[in-house]
A.B. asks: 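I'd like to ask some things about the structure below.
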Amino acid sequence: TFTVASRFEAMQDGAYLYLYNASTAGDLSAEGETAMPGLGTIHYTFTSNSIRGYAWTERGDLATVKTSQSFVGTGTATLPLFGNRPLAASGNLTAVNRPPEEDFDFPIEIGDAWRVTSTLNTTGSARFVVDMPAPLQDIVIDQPLSGDAPTDANYSVATGETAIVPAGTFDTLRIHSVAAAGPVSD
């Protein structure tokens, strides 16, 4: 959920930006496997109903300038010899797009196509704690989440749809995106 809380001006990389500040809230769930030295492959599940933060977007084109999120959640980790163990996780991540990431190139019409490139500068960390049976010590993993990553995606609009919601009926566009190093999404 994004809720615009204020409008303000800020300077990034020598340029004045006119921004919306939106508070963000939501849920997160994840499942996967990871290798842990000394224990082998661990399967994990994780759920958080406590993700909070903010997003700065440019007022003129809704380009994403900066996001900051924090989370707390619980789950399970399945360890060889120990089975399912309680898992607790928490963390924070701040990401700055240089230049701001303009995902949508307004006005948008069927047949339009555009490319988005930016560098995502991230800072933050995550902490995972697996509750081990006594007398063993809990497994604590502190993971830094810092660095620069290029973003590169192609967007296109091939079709429109009608959306019916409590507020009414609206003509919409289906935007197709293809990340340079990732999966396709609509």
A.B. asks: According to ring pair (Phe, Tyr, Trp, His ring centres under 6.0 Å), does anything in residues 83-104 pair up with another residue at least two apart or in another chain? List the pairs.
C.D. replies: none

A.B. asks: Give, for atom CE of M36 and atom OH of Y44, the distance between the pair rounded to the nearest 0.5 Å.
C.D. replies: 11.0 Å

A.B. asks: Taking atom CZ of R127 and atom CG of D142, what is their separation to the nearest 0.5 Å?
C.D. replies: 4.0 Å

A.B. asks: Determine, step by step, whether E9 and L19 satisfy the side chain to side chain contact (heavy atoms under 4.5 Å, CB included) criterion, reporting the C-alpha distance in whole Å, the side-chain angles of both residues, the deciding distance to 0.1 Å, and the verdict.
C.D. replies: CA-CA 6 Å; E9 297 176 20; L19 304 169; over 6 Å; no

A.B. asks: Has T94 got a side-chain atom pairing as donor or acceptor with S68's backbone, closer than 3.5 angstrom?
C.D. replies: no

A.B. asks: Would you say that more than 12 heavy atoms from the other residues, nucleotides or ligands in this model lie under 6.0 Å from the OH of Y16, or not?
C.D. replies: no

A.B. asks: With under 30° as parallel and over 60° as perpendicular, where do the rings of W114 and Y155 fit, or are they tilted in between?
C.D. replies: parallel

A.B. asks: Report yes if some heavy atom in the side chain of S156 is under 4.5 Å from a heavy atom in the side chain of D112; otherwise report no.
C.D. replies: no

A.B. asks: Does the side chain of L17 reach to within under 4.5 Å of the side chain of V65, using non-hydrogen atoms?
C.D. replies: yes

A.B. asks: Can you name the residues that form a side chain to side chain donor-acceptor pair (under 3.5 Å) with T64, not counting sequence neighbours?
C.D. replies: none

A.B. asks: Going by side chain to side chain donor-acceptor pair (under 3.5 Å), name the residues that satisfy it together with S48, two or more places apart in sequence or in a different chain.
C.D. replies: none

A.B. asks: Does L145 share a hydrophobic cluster with L28, counting links as ILVMFWY side-chain heavy atoms below 4.5 Å and allowing steps through other members?
C.D. replies: no

A.B. asks: The criterion is ring-ring contact (aromatic ring centres under 6.0 Å, His included); which residues satisfy it with F128, sequence neighbours excluded?
C.D. replies: none

A.B. asks: Starting at OG1 of T67, measure out to CG of L93 and round the result to the nearest 0.5 Å.
C.D. replies: 6.5 Å

A.B. asks: Do you see a donor-acceptor pair shorter than 3.5 Å between the side chains of S29 and T47?
C.D. replies: no

A.B. asks: For L173 and I110, what are the C-alpha separation, side-chain angles and deciding distance, and is it a side chain to side chain contact (heavy atoms under 4.5 Å, CB included)?
C.D. replies: CA-CA 7 Å; L173 298 172; I110 292 176; 3.6 Å; yes

A.B. asks: State which residues pass side chain to side chain donor-acceptor pair (under 3.5 Å) with N21; sequence neighbours excluded, sorted by chain then number.
C.D. replies: W56

A.B. asks: Hey, is CD on E161 packed in by over 12 heavy atoms from elsewhere, all under 6.0 Å?
C.D. replies: yes

A.B. asks: Check the hydrophobic clustering (I, L, V, M, F, W, Y; side-chain heavy atoms under 4.5 Å; chains of links allowed) and say if I108 and L62 are grouped together.
C.D. replies: yes

A.B. asks: Of all heavy-atom pairs between N92 and F71, which one has the smallest distance, and what is that distance?
C.D. replies: N-CE2, 4.4 Å

A.B. asks: If we only count heavy atoms from C-beta on, is the R7 to R59 side-chain gap below 4.5 Å?
C.D. replies: yes

A.B. asks: Would you check if V165 and F170 make a side-chain contact, meaning some heavy-atom pair closer than 4.5 Å?
C.D. replies: yes

A.B. asks: Linking I/L/V/M/F/W/Y whenever any side-chain heavy atoms sit under 4.5 Å apart, do L136 and I42 land together?
C.D. replies: yes

A.B. asks: Could you check I139, D138, L79 and say which one makes a side-chain contact (heavy atoms from CB on, under 4.5 Å) with R85?
C.D. replies: L79

A.B. asks: Supply the atom-to-atom distance T117 OG1 to D152 CG, rounded to the nearest 0.5 angstrom.
C.D. replies: 6.0 Å

A.B. asks: Do R174 and V157 pass the side chain to side chain contact (heavy atoms under 4.5 Å, CB included) test, and can you show the C-alpha distance, the side-chain angles, and the key distance before you say yes or no?
C.D. replies: CA-CA 6 Å; R174 180 176 289 266; V157 181; over 6 Å; no

A.B. asks: Keeping the roles fixed (side chain from N97, backbone from P99), state whether a donor-acceptor pair exists under 3.5 Å.
C.D. replies: no

A.B. asks: Can you tell me how far the OG1 atom of T76 sits from the CG atom of D131, to the nearest 0.5 Å?
C.D. replies: 12.5 Å

A.B. asks: In Å and rounded to the nearest 0.5 Å, what is the CD to CG distance from E102 to D61?
C.D. replies: 4.0 Å

A.B. asks: Are the side chains of N121 and R98 in contact, using a 4.5 Å heavy-atom criterion?
C.D. replies: yes

A.B. asks: Could you check if a side-chain atom of I51 sits within less than 4.5 angstrom of a side-chain atom of D27, using non-hydrogen atoms only?
C.D. replies: no

A.B. asks: Where is the tightest heavy-atom contact between A77 and V130, given as atom of each residue plus distance?
C.D. replies: CB-CG2, 4.1 Å

A.B. asks: Please report the shortest heavy-atom distance between P133 and F82, naming the atom on each side.
C.D. replies: CG-CD2, 4.1 Å

A.B. asks: Quick check: do H43 and T41 have side-chain heavy atoms less than 4.5 Å from each other?
C.D. replies: no

A.B. asks: Between Y20 and Y54, does the ring centroid distance fall short of 6.0 Å?
C.D. replies: no

A.B. asks: Could you pull out all residues at least two apart from Y18 that satisfy ring-ring contact (aromatic ring centres under 6.0 Å, His included)?
C.D. replies: none

A.B. asks: Which is it for V129 and L87 under the side chain to side chain contact (heavy atoms under 4.5 Å, CB included) test, yes or no, and what are the steps along the way?
C.D. replies: CA-CA 6 Å; V129 179; L87 168 70; over 6 Å; no

A.B. asks: Would you check if the side chain of S118 reaches a backbone N or O of P100 as a donor-acceptor pair within less than 3.5 Å?
C.D. replies: no

A.B. asks: I'd like to know if the side chain of T24 pairs up with that of Q69 as donor and acceptor (distance under 3.5 Å, no hydrogens or angles considered).
C.D. replies: yes

